[in-house]
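We use all heavy atoms of the structure for the numbers below, so side chains are in, but hydrogens, waters and symmetry mates are not.
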Amino acid sequence: MRKREDVLLVDGYNIIGAWPELAALKNEKLENARDRLLELLADYQSYSGVRVIVVFDAYHVAGGLGSDYRHRNVRVMFTRERETADECIERLVGDWISARRNVYVATSDLTEQHVAFGKGALRVTARELKIAVEQSSNDIQTTIKRDPKPKRNELGSALSDDIWRKLENMRRGLDANGSKGGEN
């Protein structure tokens with residue numbers, strides 16, 4: 001079971017090529033497949049709490065060399081000049097392993113990531129990642145269907161009903177008895 005401190009490094013184009021629905025989107029337009037993968041992984045990250053970093057080979061993107069941005073809670077990286085996604089992932093594994101975290105690498109290409117696995121990263125196949133993403137999506141949908149009512153915010157749920165009522169009276173401009181100030 002992965003924990004919140006864990007890191008999942010995803011070889012973006014490798015996963016796109018391994019998942020049939022993303023490969024079909026890639027045939028239409030690469031950007032559509034990339035966007036869909038990021039949406040799926042962002043939902044997975046929100047559900048699991050695992051830190052997700054997706055690495056793309058920059059040569060597929062004009063002007064994308066070395067760029068780095070966030071898509072929701074997912075970090076998206078494009079490789080540096082003359083660096084492959086595999087080399088970037090190897091570098092990141094070294095950084096995260098030294099931070100004493102479990103590091104998982106999602107790829108369908110075992111041989112290209114042998115250095116990362118030699119550094120201590122754990123392998124997640126493209127199929128295993130797809131199953132985990134689909135399971136998290138199913139769990140989210142089940143939760144929404146089971147309990148469609150919104151929950152009180154975290155602060156509100158930590159307050160007693162008496163304190164909650166007093167704060168609500170203050171917000172409405174009412175005194176402690178629930179009357180408008182100055183009215184008797």
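A 4.5 Å side-chain heavy-atom check between E90 and V93 finds every atom pair outside the cut-off. Between V76 and L38 the shortest side-chain heavy-atom distance falls below 4.5 Å. The shortest distance between side-chain heavy atoms of V10 and L41 falls below 4.5 Å. Side-chain contact check for Y13 versus V54: every heavy-atom pair is 4.5 Å or farther apart.
Among L92, D86, T84, the one residue that satisfies the side chain to side chain contact (heavy atoms under 4.5 Å, CB included) test with C88 is L92.
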Requested in this report: Please step through side chain to side chain contact (heavy atoms under 4.5 Å, CB included) for the pair F56 and I16, ending with a clear verdict.
Outcome: CA-CA 10 Å; F56 292 108; I16 287 172; 4.1 Å; yes
Report task. Step by step, work out the side chain to side chain contact (heavy atoms under 4.5 Å, CB included) result for N102 and Y104. Result -> CA-CA 7 Å; N102 288 328; Y104 298 86; 3.9 Å; yes
Report task. Dump the intermediate steps for side chain to side chain contact (heavy atoms under 4.5 Å, CB included) on V105 and L122, then the final yes or no. Result -> CA-CA 6 Å; V105 176; L122 304 167; over 6 Å; no
Query raised in the report: Would I53 and L8 count as a side chain to side chain contact (heavy atoms under 4.5 Å, CB included) if you check the C-alpha gap in whole Å, the side-chain angles of each, and the deciding distance to 0.1 Å?
Result: CA-CA 6 Å; I53 302 170; L8 172 65; over 6 Å; no
Requested in this report: Step by step, work out the salt bridge (charged side-chain N to carboxylate O under 4.0 Å, His left out) result for K26 and E21.
Outcome: CA-CA 9 Å; K26 179 183 173 190; E21 67 275 14; over 6 Å; no
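Of all the heavy atoms in Y47 and S136, the pair that sits closest is CD2-CB, 3.3 Å. Summarising the geometry of E83 relative to D57, their closest heavy-atom pair is O-OD1, 4.3 Å, with the distance given to 0.1 Å. The minimum heavy-atom distance between W19 and A126, with the atom names listed, is NE1-O, 2.9 Å. Scanning both residues, L129 and A106, for their nearest heavy atoms gives CD2-CB, 3.6 Å. Here the closest heavy-atom approach between residue I15 and residue L37 is recorded as CG2-CD1, 3.9 Å.
With no hydrogens or angles considered, no side-chain donor-acceptor pair links R75 and Y69 at under 3.5 Å. Counted by atom type alone, Q135 and D139 present one or more donor-acceptor pairs between their side chains at under 3.5 Å.
Other residues, nucleotides and ligands place more than 12 heavy atoms under 6.0 Å from the CZ atom of R72. More than 12 heavy atoms of other residues, nucleotides or ligands shown are found within 6.0 angstrom of CZ on R91.
Formation of a donor-acceptor pair under 3.5 Å by the N14 side chain with backbone atoms of S108 is found in this model. For T79 (side chain) and A58 (main-chain N/O), a donor-acceptor pair under 3.5 Å exists by modelled atom type. A donor-acceptor pair under 3.5 Å is formed between the side chain of E128 and the backbone N or O of T125. With hydrogens and angles ignored, the 3.5 Å screen pairs no side-chain donor or acceptor of S137 with any backbone N or O of V133.
One finds the CG atom of N73 at 10.5 Å from the CG atom of D43 (value rounded to the nearest 0.5 Å). Rounding to the nearest 0.5 Å gives a distance of 15.0 Å between CZ of R36 and CD of E31. Atom-to-atom distance recorded for R34:CZ and L25:CG is 12.0 Å, nearest 0.5 angstrom.
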